[in-house]
Amino acid sequence: LQERANPNATAGRVVRKVLFGHNHPYGWPVGGDESSIDVLQTADLETFYGAHYTPAEACLVMVGDVGLVKAKELAEEYFSDWKSFTPPDRNVEPVHLSGRKAYVVDRPSAAQSEVRLAMLAPPRVTEDYFALQVLNNVLGGGFSSRLNLNLRENKGYTYGAFSALRFARFQSLFLGIAPVETRVTKEAVEELIAEFEALANWSRPVTEKELEDAKATLTRGYSQRFETMAQIAGEIAELNGFGLPMEELARYPEGIDAVDLVHVKKAADDYVTVNDFVLVVVGDASQIEPGLQSLDLGDVLRVDVEGNPV
């Protein structure tokens with residue numbers, strides 16, 4: 001219920017539902033929704049746990065003042081009676097986008113609109129991973145990125161406009177993100193799409209300076225991802241979840257440094273799909289729908305906070 005009152009959370013939930021579908025694993029919220037939680041029983045949890053939670057697919061990460069011998073002793077002490085089995089296959093079918101689709105979630109009298117532009121991206125394990133990181137940084141990965149300089153510094157539409165890659169094991173998302181003033185929602189969406197188009201069409205190519213600045217930002221900031229023990233454990237656990245070796249941690253700086261403009265252009269060509277995307281806007285429909293309908297977005301559909309047609 002708290003998420004429903006939060007336009008940022010609503011936009012994030014709805015964009016996944018309308019893009020992947022309500023029954024797709026990536027479209028369904030991890031925490032469920034009100035209807036699924038209301039009918040959930042203890043026996044349901046026990047059954048699910050018994051069918052899916054197995055040491056065959058588990059990774060135990062310990063970070064701190066503990067050596068390998070002690071870590072093994074603790075693992076044996078607390079987990080030795082955890083019986084292993086082969087879990088059922090997980091068949092996560094990829095989705096395909098066709099055309100531009102726009103959705104509005106109505107929040108009457110809202111002073112701001114929460115905008116999400118979503119395109120499909122490859123799984124985390126891809127040869128284009130480092131090029132995508134650099135491309136994202138140029139587009140919207142930092143304060144001096146194209147999106148923020150345009151929508152915030154130049155136009156004054158928002159306090160911050162960014163892009164993000166949400167990597168997953170089977171299929172990922174490439175997002176444009178901007179909370180904007182209601183009165184300029186149409187104009188902000190135009191500019192957001194235009195920045196993606198400039199990369200997709202290479203009408204405004206990434207410059208050598210943008211490339212070097214992005215690479216420097218990513219490599220210099222890499223150590224900040226390991227400042228706490230919790231962060232270190234999280235990085236290791238994430239690698240395991242993607243089926244990647246520990247060596248990937250050491251490979252990141254050199255992988256970023258090896259990216260050149262050819263790699264970035266290829267990533268833009270392949271993954272900035274400006275003719276196939278989903279746009280979700282959470283805001284005052286009476287104020288923003290007419291403007292959105294005047295853009296080249298196809299039908300602008302109204303949905304509720306769960307992504308259901310209204």
Discussion item. Quick check: closest heavy atoms across I256 and Q133, and the distance to 0.1 Å?
Written reply: CD1-CB, 3.9 Å
Fill in: CG (D89) with more than 12 external heavy atoms under 6.0 Å
no
Fill in: Atom OH of Y159: over 12 foreign heavy atoms under 6.0 Å
no
Practice prompt. Answer yes or no: are there more than 12 heavy-atom neighbours, outside N154 itself, under 6.0 Å from its atom CG?
Written response: yes
Worksheet item: Name the one of T273, L175, D276 that satisfies side chain to side chain contact (heavy atoms under 4.5 Å, CB included) with M119?
Response: T273
Discussion item. Do L19 and L120 make a side-chain contact, defined as non-hydrogen atoms from C-beta onward lying under 4.5 Å apart?
Written reply: yes
Worksheet item: Sequence neighbours excluded, which residues qualify as ring-ring contact (aromatic ring centres under 6.0 Å, His included) partners of F196?
Response: F174
Worksheet entry | Aromatic Y157 / basic R152 pairing, under 6.0 angstrom, 45° off normal | no
Practice prompt. Would you sort out whether D128 and K266 count as a salt bridge (Lys or Arg N to Asp or Glu O under 4.0 Å), showing the intermediate values?
Written response: CA-CA 9 Å; D128 297 320; K266 178 181 181 300; 3.5 Å; yes
Discussion item. I'd like to check the ring-ring contact (aromatic ring centres under 6.0 Å, His included) partners of H52; sequence neighbours left out, ordered by chain and number.
Written reply: F48
Practice prompt. Following the transitive rule for hydrophobic clusters with a side-chain heavy-atom cut-off under 4.5 Å over Ile, Leu, Val, Met, Phe, Trp and Tyr, establish whether V63 and F226 coincide in one cluster.
Written response: yes
Practice prompt. Determine, step by step, whether E153 and N148 satisfy the side chain to side chain donor-acceptor pair (under 3.5 Å) criterion, reporting the C-alpha distance in whole Å, the side-chain angles of both residues, the deciding distance to 0.1 Å, and the verdict.
Written response: CA-CA 7 Å; E153 298 299 294; N148 202 54; 4.9 Å; no
Worksheet item: Given R183, which of E187, K186, E181 fulfils the side chain to side chain contact (heavy atoms under 4.5 Å, CB included) condition?
Response: E181
Worksheet item: Mind checking whether Y252 and Y222 have parallel, tilted or perpendicular rings, split at 30° and 60°?
Response: parallel
Discussion item. For D38, I'd like to know if atom CG has over 12 heavy atoms of other residues, nucleotides or ligands within 6.0 Å.
Written reply: yes
